[in-house]
Structure formats: structure tokens, C-alpha cells
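Every heavy atom of this structure was used, including side-chain atoms; hydrogens, water molecules and symmetry mates were not. Letters A, B, ... mirror the listed sequences (proteins, then strands); counts begin at 1.
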Amino acid sequence: MLEKRYEPKDIEKKWYDFWIEKNYFRAEAKSDRPPYCIVIPPPNVTGSLHIGHALDITLQDIMIRWKRMSGFNTLWLPGTDHAGIATQNVVEKELRKQGTDRHTLGREKFIEKVWEWKKLYGGTIINQLKSMGASCDWSRERFTLDEGLSRAVREVFVRLYEEGLIYRGEYLINWCPRCHTALSDLEVEHEDVQGKLYYMKYNFADREGHITVATTRPETYLGDTAVAVNPEDERYKHLIGKMVRLPIINRDIPVIADEFVDSSFGTGAVKVTPAHDPNDFEMGKRHDLQFINILTGDGRMSEEAGPYKGQDRFECRKNVLNDLNEMGQLEKATDHAMSVGHCYRCRTIVEPYLSMQWFVKIKPLAEEAIRAVKDGGVKIIPSTWENSYFDWMENIKDWCISRQIWWGHRIPVWYCEKCGETIVSRETPAVCKCGSVELRQDEDVLDTWFSSALWPFSTLGWPYDTDDLKTFYPTSVLITGFDILFFWVARMMMMGLKFMKEEPFRHVYIHALIRDAEGQKMSKSKGNVVDPLKMTEAFGTDAFRFTLAAYAAQGRDIKFSEQRVEGYRHFLNKIWNVARFISMNIKEGEATDLTIKVRDLSLADRWILSRLSAVCSEVNQSLEEYRFNDAAGILYQFVWHELCDWYVEMIKPELYGENTESKRAALSALLHVFEVSLALLHPFMPFVTEEIWQQLPGKKDTESLCVRKYPSPDEGIGDKDAEAKMSVVMDAIIGIRSIRGELNLSPSLELEALIRTSDNTEEILNDNIAYIQKLARAKGIKTGKDLQPVKNAATAIKPSMEIFVPLEGLFDINAEIGRLNKEKSKIEGDIMFVQKKLQNEDFIKKAPKAVIDENKAKYADYMEKLQSVQNNIDKLVQWGKSDD
RNA sequence: AGGCGCGUAGCUCAGUGGGAGAGCGCUUCCUUGACACGGAAGAGGUCAGGGGUUCGAUACCCCUCGUGCCUACCA
């Protein structure tokens, strides 16, 4: 017997341990069964589970469990990402607390520290994934910095280098002065800010007068090496080639002409700082200007900044403005909206910074990745994301992959101290070809996303030709949020196509972002984060998972509300209680046969089995199309309302009755439908379903629900006849209940009912009169085609019947007339609507025949209904008069 | 600046070229032997606004307003 209440905590752990012990999550490297594989988007090893992960994990686990039960050789490959900058930041913070820093420690010692830290805390998020019920193959867990993956990284680097797709050069990159490293374009987050546009006067070097330039970054004037104007600009044409003198530092720079300059912006004259602005960088190249780097790596002014040397960049801005103002060189400042780039790891404002970096020449890779989606080799779901994907891929720029940090894959490049030779190698070289052993490895590490781009094949053993790789590549689907579509998905596409010659996955399912109940993005600083662990603590993992699935409609963000989790906990409770009901009614050894004998079935049995069949089909179909919310909704509706509210109530008389044969039939049908329902629900709520299933009486084919065959429609019995008949019976019940409800009659009061039927309805009702008696609390039900309304009776009108409930003393004739008049005006409205259509010539001419027929039938129905209502009203009015 | 979404019941959201659905909330009644984390019956919507296509639009197209996001080198 099940406990009175479901207590998730112990039960979750118990079953998770059981599944692990039984090795159910273990994939086979070689198998006759078809493969199904998902690689997890590896969470940052520094991370802890947030609600986005929870959604991600839940959806993946639903797919994996569904496919596992459906007979696939499923592999869900888990792991974590070394998250270079983020992890390094965390450990550096620790060091700071201990009063030291990585430079004091030195590179080797520091990396040791990070590994120590990883050993201590790196398992946190993995354990949290387990607590969510994730059925990953933990024997295959990987880490982006482990040995195998590092080998893959080197292999890829070397091959791209050899093909000329990786190069090194001095370019303007995004620099985070706090993290002290280059960032790729993607790692810069732009934010709109209200800034100022400063108008600065540059005097001519050799004559009176000045030219005014407008800038948002006055401090960079220290690195100016030209002033540019548009060659067509009449105001400035005569000045081209003249020299202006920069204030304070007194450097003379030329006025140049460049098409790029927009005459309508600012003064039409722009200061050119080639080492500190991407456009100016290009202009500097075009005009062979000097590149002066006025900054240091930590965002202070360099030697080149003359009197401002050593000042912080923002401090310097203030000082420059003050000084220029005092000198009368600052003309004015106006408000100016602009967008400023911030480091995605630490929110520091990034600098365009001139430095030597490694890049991937990306266009050739992107072309293949575009083609793969265009040709349908990869399907992005929902397809709206394809636009973003194409847009980004088509405008892609070379990828800066070197980072000036220590935690990561060190770039496999060595320089000979003696002859200057550059050696790019898979293995660490011992000696240069010049004979020197003085080799120095490049100091930089690779962008973390470089290694995660290889994830779908590096985790399966590449560059070795392993069985795993043969069996599971390409993987089946990638499930992730759109926020890493470019960072990760796009790059996996490029690398997968390049090195495996095949797409890394067949489907990409992009899910929504979870926001708070007000629609705000969750963030630690706003303090509006929902902690998934608190949710599982409060409501149980299953309720939380089911909520996430129910929320996961395609193409819309999720505004997360705790109330909804509560609602689905109630659903769990419902399931739990119906399980209790079943176990209370089945004695040990009774109804243990789960097979259904068709000839013993009642209408209710046939109906629920037919519905079960439809539900099996719909759930499978929904999952096939990644419509998680539909699948969850269908199951919720079926189990709660059809199974519990209708079916269980309908079979109670049989269960409590004396007839052992019909009791046995009802019980085995109930048990069967419930067992199949548990199986259907299992991918959504694995723990509670397993717990109940294990305690269910009856013989089972497997020792765990998670390896039971996922139900297909043939576990029910499609039966249109039963559904049609049932709908008639339900109408009768609902009709009587409505009268009870609307007239506020006590549920304990047994009502009489006369049901005037149309042609074939009478037989159906008579055959199933027990259901009506039970569910409508009715007695003495009379049916017949020619029954006449009786005095003091309330009326309900249904498609194939009229129901009269005699009320005698409880009857209020005026209230009833009011009820019927309300009904009447509703029907009249309906008639008007259909009539209008049918009288429209164009409608008759152009609408499909089926639609016309449908409307004609409706019209006839309405007219008949109207007639009934009118007759009843007339009778009531008449009786009312005669009573007076 | 470009691109992509969204606007449907009080709230959160599904949905469809043929009279609008769910959950929560609300109202009324009910401790009927699984469940008050429950049961039954109800109320509640010009499907943002305007135009167009169509026999027919909440759905398809255009515009407006509101709102969110992504991408972008305009100093």
C-alpha cells in the first residue's frame, strides 16, 4: 500500500541509485538497435545549476528516456566545460582572499591550483544534474580539458594551421582590461548608454584657424595620427593635405580625404586613431598612417600618452577634457546615444586594442555550415532561428582564438629562441630543425569555445576512429537555448563539417529563455533568479520537470511562475492518489493479468481504452515534433480529467459491486490504462512514476519502468463506436449536473430524470443507465421518444436529448423560465449566424461542400433545439397561468 | 540602423482560414469509503488598433501603436 502522501526526497534518490546500479543509462558502442544520441551542452565547471540548465536538462532527458523506452540505443553524453576566463576569474578571486595572486604563484602553480579547485567543486553541477534525474551515461563523462579532448584540440589546430585557416597577426581586437585578455566579437556585449559627443578644436600647424572634430572618446586624441574628411566635402576640400597640431602633446598630423567619412555627422571631420578604433584601423591601413598605442593592457595610459602616462583611461578622459577646456580647445559637448561594449564575463568596458593574436579564417568554414542548413542536412527547430543563423554566418568575421590567460588549451606553437622558427605541432617538440633545444611555447591559450566547438566528435573519441564515433556521429539532436546559437552551435557546425565531413547533429532544437514572472531576464544582480534546487526542494523534481515541459512551447520566452509548479504538484498528488485507489481495490493475487479481454469490456472500459490509444499516438507525435508542452498537456488532460474524473468514477459501482466477473474486467482495464499512463508519463516525471509502477500489482516484463517499452497506440483499442456512445452518456450526465449546479441543489439529493431521446439515443442510455445514476446522482430515470415534459421540472437540452428533472417543491417556475429564455436567446443568436452564411450566395457558390453541409446540419440542429426550448417555455407559461 | 518575435479570459499562456481553449485566480454548492494538493456547476474575451486578400480572418498580407530580443564599425 502506498503512503498517504508522496514524499519525493528519499524516493528520488532511491530510484536514481537503482537506475545507475542497473546500468540502464549505459549506451552500447556497438548495437543492433538504432542509435540515438544527444551530447549535453557542457555547463561551466564553475557553475551551479540555474533554471536555464534545468529546462535544458529536462527536455533532453525527456527525449532520451522516450527514445530509450522506444528501443533505441541511446547515448546522452554528459560533461563540463573548462570555461577559461570564468574559471580563472573564480580561482583568482580565491587567491586574492588568501592575499596572493597568480603572478606571484607562477603559471604552473596557478594551473595546479585551478585543477585542485576543479576537483573540489567541479562535481557540483554534475551532482545537480543527477538530482534532476538526468539519465546520462556517466561512464562517458568528459571535460573539455581532459586528455582526449586536448588531443582533438591540437589536431584541429595543427590541421587548420597547415591549411592556412589559422593565422597569427597584429590586429585590433576586443580587449578586456580587467581579465587581461583578448575577446572574440561574440564575447563583447553591447549596451546602449547615453554619452556625450565632444567637439574638439585642432589648430592648424602653420597658419591661423582650426578644424573641429567630434568624438565620444576625447582621451584617444593622444593616439590620433590624422584628421579625415570626405573628399567631396566642399567645406574641407581646400584643407586636405594641410597639417594640424594636436593640443598639449603638439604632434602634427595631416588632414586626409577618405570616402568613409560621413559629412553629415558631427562636423564632417573625424579624428583618426588607428590603434584604438576599428574604422580608424582600416583607414590607417589605407593611408599608411602611424599606429600609436596609447594604452596598456590594464587600461591605463602608456608611454605614448605623454603627460597622462599612468592614468586610468577614464581618469585621463576627465583630465583631457579639463585641460582642453582651459586652453579653449573644447568647443562644446552634446548628448549622444551610443552603444558601448562590455566584457561578457566581468562587465568591464572593453577596448579595441592593437595586439598580436591568433585567428581562424572563418569564411570557408561558414560557407559549408550555411549549405548544410540550406540543404536540410541540419534542421533548426523552430525554423525562425534559421534566419538568425544565416544572417550571422553570412556576415561572419575572422575569429580571434587566442586568450591571454593561463587556464585552457595552450596554443600548440613553439618559437625557436635561436633561429626564430615557428613550430606548430601535435606533439611537444624537443628540438628545432636548427638544432637548438631552446624552444618557447606560445604563452596564449585558446578560446574555450574552440574546444567546445569540437564537442560532438571529440567526446566520442576523435581523432581516433572509435566505435562510439561510428555509432553515434552524427548525433541526433542538440537541445539548447538561443543565447549560444552563435557561440557554440554555429561553431560546432563548422568544425563538425570540416573534420567529420558530416553535420554534427540532425536537429537543433532551440528552446526559450526563462524569465521571471515580470518578464525580466533573470540575473544575480537583479536578484530575481529562481533557484531550481529550491523548486525541487519545495515541490519535488517531478513536478518541477513537468512544469518546465508544460512551459516549453516553441518560439516564446517563459515567464516562470512558482504557482504553476504548485499546480503540477497537485497533478502528481492526483496520480499518487489514483494509484492508492487502485491498490486499495486490488487484493494481492487479484486482477494481476494486464491483458484485456475484449468481450468482457463495458462501455466505459472500451471508451477509456480508445482514448488511451489516441493519447499514445498524440504523445508520441508531439515528442517527435518537440512539442513538449502539447505532450505534457495531453497527458495532464487525459490522466486527470478522463481517467480520474470520468473513468474511475464510472467503474466504482462495479468495483464495489458483487459481480466478480465485471469487477475483474474493470479492474484489469483500470490497471492496464493506468500502467500505460505511467509509462507515458515516465520521461516527464521519472521518479514518481517508477515508485508507483514498482508497487503496482501485476506481472511486468521489465524490472524498471525506465526500460519498459514506450506505449504505442496498440496498447489501447481504438473504438469510435464507444466514443460516440460515451459522448451521449456524458451529455445526459452533464445535463442533469447542470440543472443541479445552476439551481444550487445539494449533491446529496437524488434527482429523478425524464429523458426524451431522439432515434438511437434511447437504447444507448438504457444500456448505460447505471453510469448516469451514479455520476449524476439520479434515480428513476425514464427514457423514451415520446416522453412529455412534466410540471415543475427543470429542463436541459442536449444535441440528442431533452432532460427533465422534476423538482416539485424545489421548483421555481419563474427562475426556470428565465433559464430557458437565456438558452433561447443563445440559440437564436446561433441561428442568425448560420442563417446569414447560408443566405449568402457567394458562400453557397464558393465554399467547399463539406462546410456548406456542416452549416446546414447546424442550422437544422439549432432549429430543432429552438423548437424544444420554445415548447418548454410555452408549457411553463401555461402551467404558471393555471396555477394562479 | 537592420533583423526577429510578441500583444488572445483578472494573471500565465496554448491554438486554428469555417462561431475561441487550458492552468491558476474568481463565484456557488459539496468533508459521497483515492485525493479539499479534492469533486460538481458557473461567470469572464470586439483574439492591441486600422486597412487589405477571401464566400468567410483571431489566424494570411500591409500600416500604426505598445513591448521584448538579436545583430551592427557611424566617429
Side-chain angles (χ1 to χ4, degrees), chain A residues 2 4-6 172 185-186 190 197 213-217 220 228 260-262 264-267 269-273 277-282 336 338-339 352 382 384-385 387-388 391-392 395 482-483 485-486 513 515 517 519-521 539 543 550-551 553 555-561 563-564 566-585 627 629-630 633 636-637 644-645 648-649 652 656 734 737-748 774-777 829-830 833-834 836-837 840-848 850-852 854-855 858:
Chain A
L2 294 163
K4 184 129 174 95
R5 286 175 59 108
Y6 173 60
L172 264 197
D185 294 341
L186 276 180
H190 292 274
L197 191 58
V213 296
T215 180
T216 54
R217 301 203 52 193
T220 62
F260 171 78
V261 180
D262 175 1
S264 64
F265 189 92
T267 62
V270 57
K271 60 192 269 314
V272 182
T273 326
D277 179 277
N279 294 317
D280 295 3
F281 179 83
E282 294 300 323
H336 183 68
M338 56 187 190
S339 134
T384 45
W385 289 106
N387 290 328
S388 304
D391 187 58
W392 188 74
N395 298 301
F482 64 81
D483 48 335
L485 181 61
F486 306 139
L513 204 73
R515 302 166 178 285
Q520 298 284 307
K521 211 167 171 171
F539 304 107
Y551 257 129
R556 188 196 277 253
D557 284 349
I558 296 170
K559 283 193 214 173
F560 189 84
S561 149
Q563 272 194 359
R564 200 151 165 192
E566 202 184 337
Y568 288 118
R569 184 188 58 183
H570 296 172
F571 180 45
L572 245 83
N573 187 252
K574 191 76 186 172
I575 296 168
W576 185 257
N577 275 296
V578 74
R580 289 183 64 227
F581 174 78
I582 291 170
S583 58
M584 286 164 83
N585 280 285
R627 290 184 287 110
N629 61 320
D630 284 346
Y636 182 93
Q637 167 70 26
C644 293
D645 289 347
V648 168
E649 293 306 321
K652 273 181 180 172
Y656 300 146
I734 290 168
R737 281 175 171 178
S738 293
I739 289 170
R740 185 193 297 278
E742 282 177 44
L743 300 179
N744 257 342
L745 304 171
S746 161
S748 55
K774 165 75 173 133
L775 296 200
R777 273 227 159 206
D830 290 342
F833 182 82
V834 181
K836 207 175 117 198
K837 268 190 181 176
N840 183 342
E841 273 180 44
D842 285 330
F843 177 74
I844 301 295
K845 251 192 293 188
K846 293 180 181 169
V851 176
I852 297 172
E854 193 187 313
N855 276 278
K858 261 190 202 167

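Each of Val578(A) and Gly829(A) was assigned the nucleotide of RNA chain B with the nearest heavy atom; the assignment lying further toward the 5' end belongs to Gly829(A). Each of Lys846(A) and Ser746(A) was assigned the nucleotide of RNA chain B with the nearest heavy atom; the assignment lying further toward the 5' end belongs to Ser746(A).
Side-chain N/O atoms of Lys837(A) include none lying less than 4.0 angstrom from OP1 or OP2 on C55(B). Between His336(A) and the phosphate of A75(B), there is a side-chain N or O to OP1/OP2 separation shorter than 4.0 Å. Neither OP1 nor OP2 of G19(B) sits under 4.0 Å from any side-chain N or O of Lys836(A). Close to A34(B), at under 4.0 Å from its OP1 or OP2, lies no side-chain N or O of Tyr6(A). Residue Lys4(A) places at least one side-chain N or O closer than 4.0 Å to OP1 or OP2 of C35(B). For G38(B), one of the phosphate oxygens OP1 or OP2 lies less than 4.0 angstrom from a side-chain nitrogen or oxygen of His570(A). Listed pair Thr273(A) / A75(B) fails the phosphate criterion, with no side-chain N or O lying under 4.0 Å from OP1 or OP2. A close approach under 4.0 Å does occur between a side-chain nitrogen or oxygen of Lys559(A) and OP1 or OP2 of C13(B).
Nucleic acid contact class of Tyr568(A) (heavy atoms, under 4.0 Å, all strands): none. Note on Lys574(A): a base of the nucleic acid sits closer than 4.0 angstrom, heavy atoms only. Heavy atoms of Thr384(A) sit under 4.0 angstrom from primed sugar atoms or phosphate atoms, though from no base atom. Base engagement by Pro848(A) is indicated by at least one non-hydrogen atom pair under 4.0 Å involving a base atom. Within 4.0 Å of Ala553(A), counting heavy atoms only, lie sugar-phosphate atoms of the nucleic acid but no base atom. Counting any heavy atom pair closer than 4.0 Å across all strands shown, Ser738(A) reaches sugar-phosphate atoms only and no base atom.
Taking the six-membered ring for Trp and thresholds of 30 and 60 degrees, Phe486(A) and Trp392(A) have nearly parallel ring planes, at less than 30 degrees apart. Classification of the Phe482(A)-Trp385(A) ring pair by plane angle, with boundaries at 30° and 60°, yields parallel.
Checking C29(B), A34(B), A41(B) against the side-chain heavy atoms of Pro747(A) singles out C29(B) as nearest. Between A41(B), A34(B), A14(B), one nucleotide has an atom nearer to the side chain of Asn577(A) than all others, and that is A34(B). The side chain of Lys652(A) has A34(B) as its nearest neighbour among A34(B), G39(B), C55(B). Relative to the side chain of Glu742(A), the nucleotides G42(B), A75(B), C35(B) differ in distance, and G42(B) lies closest. With distances taken from any side-chain atom of Tyr636(A) to the nucleotides A41(B), A75(B), G23(B), the minimum falls on G23(B). The nucleotide whose nearest atom lies closest to any side-chain atom of Asp262(A) is, among C74(B), G18(B), A40(B), C74(B). For Leu186(A), whose side chain is taken as the heavy atoms from C-beta onward, the closest listed nucleotide among C74(B), U71(B), C55(B) is U71(B). For Phe833(A), the side-chain atoms get nearest to G19(B) when compared with the rest of G19(B), G18(B), C73(B). Closest to the side chain of Asn840(A), out of A75(B), C55(B), A34(B), is C55(B). Here the nucleotide nearest the side chain of Glu649(A), chosen from C55(B), A34(B), U12(B), is A34(B).
With a cut-off of 3.5 Å on both pairing distances, A59(B) has no Watson-Crick or G-U wobble partner at all. The partner of U67(B), taking Watson-Crick or G-U wobble pairs whose two distances both stay under 3.5 Å, is G5(B). Of all nucleotides present, none satisfies the Watson-Crick or G-U wobble test against A43(B) with each distance under 3.5 Å. Pairing for G23(B) goes to C11(B), judged as Watson-Crick or G-U wobble with the two contacts each under 3.5 Å.
The interatomic distance linking Asp830(A) (CG) with G18(B) (P) rounds to 18 Å, in whole Å. Rounded to an integer number of Å, the gap from CD1 of Ile558(A) to P of U12(B) is 15 Å.
Thr273(A) pairs in a side-chain contact (heavy atoms from CB on, under 4.5 Å) with only one of the listed residues (Thr215(A), Asn279(A), Thr220(A)), which is Thr220(A).
Nucleotides A59(B) and U16(B), compared at atom P, are 13 Å apart to the nearest Å. U27(B) and U53(B) have their P atoms separated by 48 Å, given to the nearest Å. Look at the C1' atom in both U12(B) and C61(B): the space between them is 30 Å, to the nearest Å. For the C1' atom pair drawn from A48(B) and C65(B), the interatomic distance equals 8 Å after rounding to whole Å. Distance check on atom C1': G17(B) versus U58(B) gives 11 Å, rounded to whole Å. A distance of about 33 Å separates the P atoms of C11(B) and G56(B), rounded to the whole Å. Distance check on atom P: A20(B) versus G49(B) gives 15 Å, rounded to whole Å. A57(B) sits 13 Å from U46(B) when the C1' atoms are compared, rounded to a whole Å.
Residue Lys837(A) comes nearest to Asn855(A) through the heavy atom pair CD-OD1, 3.6 Å, listed as atom of the first residue, atom of the second, then distance. Closest of all the heavy-atom pairs between Arg777(A) and Ser748(A) is NH1-O, 3.3 Å.
Without hydrogens or angle criteria, Arg627(A) side chain to Ala553(A) main chain gives no donor-acceptor distance under 3.5 Å.
Phe843(A) places a side-chain heavy atom less than 4.5 Å from the side chain of Ile852(A).
The aromatic ring centres of Tyr636(A) and Tyr568(A) sit less than 6.0 Å apart.
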